[in-house]
Participant: 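First the structure, then my questions, so here it is.
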Amino acid sequence: MKAKVYVTLKEGVLDPQGQAVARALGRLGFSEVQDARIGKYIEVQLADDVKDVEGHLKQMCEKLLANTVIEEYRYEIVK
Amino acid sequence: MKAKVYVTLKEGVLDPQGQAVARALGRLGFSEVQDARIGKYIEVQLADDVKDVEGHLKQMCEKLLANTVIEEYRYEIVK
Amino acid sequence: MSAAATKKEPEITEALAKEHGLSPDEFRRVHDILGRAPSYTELGIFSVMWSEHCSYKSSRLHLRNLPTSGPRVIQGPGENAGVVDIGDGQAVIFKMESHNHPSFIEPYQGAATGVGGILRDVFTMGARPVACLDSLRFGRPDHPKTRHLVEGVVAGIAGYGNAFGVPTVGGEVYFDASYDGNILVNAMAVGLARTDKIFYGKAKGLGNPVLYFGAKTGRDGIHGATMASAEFDEESESKRPTVQVGDPFTEKLLLEACLELMSSDVLVGIQDMGAAGLTSSSVEMAARAGNGIELDLDKVPRRETNMTAYECMLSESQERMLAVVHAGREAEALAIFAKWDLDAAVVGRVTDTGKIVVKEGGKVRAEIAVGPLAEGLRYERPFARPASLDAERALDVAKLPVPKDLGVTLTTLLASPNIASKEWVYRQYDHMVRVGTVVRPGADAAVIRVLDGAEDPARAKGLALTADCNSRFCALDPYEGARLAVAEGYRNISTVGAEPLAITDCLNFGNPERPEVMWQLVEAVRGLGDACRALETPVVSGNVSLYNETEGRAIKPTPTIGTVGLMPIAADAVGVGFEEGCTVALLGVNTDEIGGSEYLDRVHGKQAGVPPRLDTTREVAVGTACRNLVQAKLVRSAHDCSEGGLAVTLAESCIQPARAGAASVGVTIKLDEPLRADLLLFGEAPSRIVISFPPEREAEVRAMAVRYGAPFEVIGATGGRRLQIYQQSTRVVDVPVDELTRAWQGGFRAVVS
Amino acid sequence: MNVAVVRFPGSNCDDDAFHVVGRVMGQPVRFAWHKESSLGAADAVVLPGGFSYGDYLRAGAMAANSPIMGAVKEFAEKGGPVLAICNGYQIACEAGLLDGALTRNASLHFECRDVHLAVEGKPTPFTRAIPAGRVLRIPIAHAEGRFVHPNIEQLEKEGRVVFRYVDSAGGTNDAANPNGSMANIAGTCNARGNVVGLMPHPERAAELILGSDDGKMLFASLIGETGRRV
Ligand SMILES: Nc1ncnc2c1ncn2[C@@H]1O[C@H](COP(=O)(O)OP(=O)(O)O)[C@@H](O)[C@H]1O
Ligand SMILES: [Mg+2]
């Protein structure tokens, strides 16, 4: 079983990386780029027989994968 | 229009960060975690009237967003 | 009219004022000053300007008594940073500041933005930052939060300083239960400028334009300044979205743009936007010049939509500056900002109204006389010596058992995270960028050379830098503790061979509304002043951080001292490491004072007694002798005694190689003092420096020590692979250096892995 | 020998390279600004260390697309000597001037300390004057220096591994590898040998006052102090 976790900065939190990337894309001639935000994409490989995957994933995100002070997360489970 | 870009390490490229995360999750008691891989998740906000979005996105990835020596990418376009 | 202006504002009540940290009495004063009720924006402005963080309302009365001038002082406290003359038309500009609360909430970003803030304080005055130091205090090593906080804070300091390009060359790290719920992150920045190119935060010249430049404004850290002045409670966890994120890349551009702007003649005054952002920068600049400023918030570059005037004025978005330029020269300034890809705009002008006027959407949102805002409040808070102090100090040394094997005790102390090597920390800091680091972290003070203006880069003069405080001493006696902190800084600078010039401080205390805490502050400031007068190191800048407590438990009083010294030739500095075949001597006097020592805490589980006595005359004698010995190239190594006492000092000199790549060396020491062995070895009396030199130089070394009035005694010789200490022919310690090395190198890692 | 030191936004070892070329080596040196598209008259180019564009996204990725890099590529194609240090190395790899990629250190930490380097491979303008078998002591300071290449054997065979992390006695082992680089690789060159990149900072070890002047040999080699002109 695999989980895909997406961690992004909360709205309103400064994203210096995203800003720099958006500008760089502009300089490369992609004038259509208005903004960019950079987050993390984490693939977690899980044993197939876990009970309460959802509950565990939520905890993994809260405890480690996301810094909930400034980030939010979502996940998908792929069987 | 928005594009979601996922950049991940190519198979076979060592991912010490992913390994560290997998280990840390194990220590936290999530014994079901077998492996973790860490990639980037990039949201790019685009003007609505772009022609050939697909083509542009491919170029953005090749030129900047991914380093194709070690990374691969995929993207989705959300209207 | 902008969308923002149509937002409904809350009703201004005493309760709302209270939420803003203004007491009913303070709220009444707001009314009196305005002659009417404040607007929402005005309430916000008063609340941040009158916060403890910005106004120093509890400490000001006492800080007044600090010595702040001296023959070399160009600018003392009151500006963004202190300025000290180092000759040849050059000045060193430095300051230390806390970022304690934000770092507890989000260790990486809190520490990172702390570094960013202090760097701006220094380069806003015209200096290029050349070094940073960080003084850190965490809770018990085994506290569940400690590891996460240590890793985050260190990574944050590294992440910001390394990218910005300033070497982080020194600091300190301590662990103590009193910081379990309230860590301390104090950062110090040091810069160099030409004495004729120093800039001040003054909004001079009626009609001159006020420019904003740097990053765009967002809703970051709104109420950061008031948060920094409030105690922690359960709720502060929910204040999280106010966390600011640092952008060292933009800061680097900001630095280069500032220096370029300063090298032209368009600039009149400049100030960074630190705590309370646009509010404090504009108010302080206007106040220093006795002028007013009118701001048009519609011009402020913004990152987010629908920001209100209140939010714009209180935002603590990082990497922003406010400048006043000569009328008609805006375009030149804007061209420089464009070159460095920075956002910039003319956002206001200097007026003669003596008022800060804030316009937004065509309406006046705030109009306040600058004087009372900037002057802030001044409280004469009651203080009282805590009744429990005598009981805490009580120590019956006779009842302490002498450990059976003092070699084991020494190894234990070396492995204490408070004493163990901090290499895990400073290896993460780029401490060599700018090709100036002559003495790297690990010695008593770092030394960086001053390349600018040096005729021969190999013989350039140097700056010696250190940050110090032993808060265990301060808890037992804040007056003596503060004096000892100043003396330790003085001594660390002297040990490498430099002359102490001046200090900056960061005064970290609990809630000043509690008389016992206030007493600690008053006593510490008194001690600080007395020591600085005696050692002739004036205080040129500083910072006060109060309300460092969680649920009513205050941190140990922690007046961190940053000391800056001058080294005529940087390359002459010495390190702590012994080399083979040298004579070892002590400058100073051993005692059996054990109060507040690491030994007492670590081995006997007691934080008790009184701190060792400081004799400032002896401190000066020992320091002056050492400095002159080093500069005369008579000694090969020097290392002072601090935590862990004489035995730890000797061990550290054995462990650390004299030169990169060289092997470590043992030593045999013979002590004569008829004192209890454990107290003699591990007592932490000040004013002691262990030096080593080739045997044939002994007479010269002794003569030099005597000339400066420093007690001098040969205590042993280097060689072999063991540390052996004899007391009156009894061998009290005998441990292989490799064993000591393992303990010392592994002690800190134990905390983080 | 006219040396151009390229200055990107976020470069922070640009002054250091300038100092070493200009004051320590006594050569004419100037900065080339990233927004320019020409290098002007230059006999050698240094891509200095730092955090160009904050090292956001990936170290060196954005700088690799700067206008000046077009000129640097042209210069390199004509055989001009280019020394790419630390962030400069990352930029050179991202720009395709050199092969491979520099990834996050295996320790996941920024590492600032001295390392030892063996000098190997084909002769390059920056190494030809370094005595054979000499082990250099030079500092590193990076968080993303783990060298990755899909075909190390090929690189080795072509003599393009120029610097390798070793212990003080010259031995190659894991303990001497500060970042987990494949085959302990610290620096490489292009096929022609005129573009050399390395993670360690030779400019920080070019004066004894800083603890080592081993790094000076790279610059001395370039200038041909040993009598050889490039
Ligand atoms: N947080 C830190 N950052 C950088 N260097 C540090 C830090 N903590 C300690 N160090 C360095 O480690 C060495 C030992 O520190 P410390 O025991 O506090 O020295 P001292 O007792 O001489 O003041 C010093 O060189 C100091 O600068
Ligand atoms: Mg010391």
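Side chains are part of it too, since the values below use all heavy atoms of this structure and drop only hydrogens, waters and symmetry mates. Predicted model, so just to flag it, every value in this text is computed and none were measured.
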Participant: Is there a side-chain contact between D/R146 and B/L14 (heavy atoms, below 4.5 Å)?
Facilitator: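 Side-chain contact under 4.5 Å: yes.
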Participant: Just wondering, more than 12 heavy atoms not from B/E11 lying within 6.0 Å of its CD?
Facilitator: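 No, the 6.0 Å shell around CD holds no more than 12 heavy atoms from other groups.
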Participant: Where does D/M182 contact chain B at under 4.5 Å (heavy atoms): side chain, backbone, both or neither?
Facilitator: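 D/M182 has no heavy atom closer than 4.5 Å to chain B.
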Participant: Does any heavy atom of chain D fall under 4.5 Å from the side chain of B/Q19, the backbone, both, or neither of them?
Facilitator: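 Contact with chain D involves no heavy atom of B/Q19 at all.
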Participant: If you count heavy-atom pairs under 4.5 Å between each of B/L65, B/V69, B/V7, B/I42 and chain D, which one has the most?
Facilitator: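 Looking at each of B/L65, B/V69, B/V7, B/I42 in turn, B/L65 comes out on top.
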Participant: Would you mind checking which part of B/I70 comes under 4.5 Å of any heavy atom in chain D, side chain (CB onward), backbone (N, CA, C, O), both or neither?
Facilitator: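 The answer is the side chain of B/I70.
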Participant: Does a sphere of radius 6.0 Å around NZ in D/K35 hold more than 12 heavy atoms from other residues, nucleotides or ligands, not counting ones at 6.0 Å or beyond?
Facilitator: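 Atom NZ in D/K35 is crowded, with more than 12 foreign heavy atoms closer than 6.0 Å.
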Participant: Where on D/D99 is there a heavy atom nearer than 4.5 Å to chain B: the side chain, the backbone, both, or neither?
Facilitator: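 D/D99 has no heavy atom closer than 4.5 Å to chain B.
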Participant: Quick one: closest heavy-atom pair of D/A106 and B/P16, and the distance?
Facilitator: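 For D/A106 and B/P16, the tightest heavy-atom pair comes out as O-CB, 3.9 Å.
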Participant: So D/R104 and B/D15, do their side chains get closer than 4.5 Å, heavy atoms only?
Facilitator: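 Heavy-atom side-chain distance check fails, nothing below 4.5 Å.
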Participant: Would the number of heavy atoms belonging to other residues, nucleotides or ligands and lying under 6.0 Å from CG of D/D174 be above 12?
Facilitator: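 No, the 6.0 Å shell around CG holds no more than 12 heavy atoms from other groups.
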Participant: With heavy-atom distances below 4.5 Å as the criterion, would you say the side chains of B/N67 and D/T103 are in contact?
Facilitator: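 Of all side-chain heavy-atom pairs linking D/T103 with B/N67, none is under 4.5 Å.
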Participant: Looking at side-chain heavy atoms only, is the closest gap between D/N65 and B/L64 below 4.5 Å?
Facilitator: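 Yes, close enough: below the 4.5 Å cut-off.
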Participant: What part of D/L57 lies closer than 4.5 angstrom to a heavy atom of chain B: side chain, backbone, both or neither?
Facilitator: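 It is both, since atoms from each part get that close.
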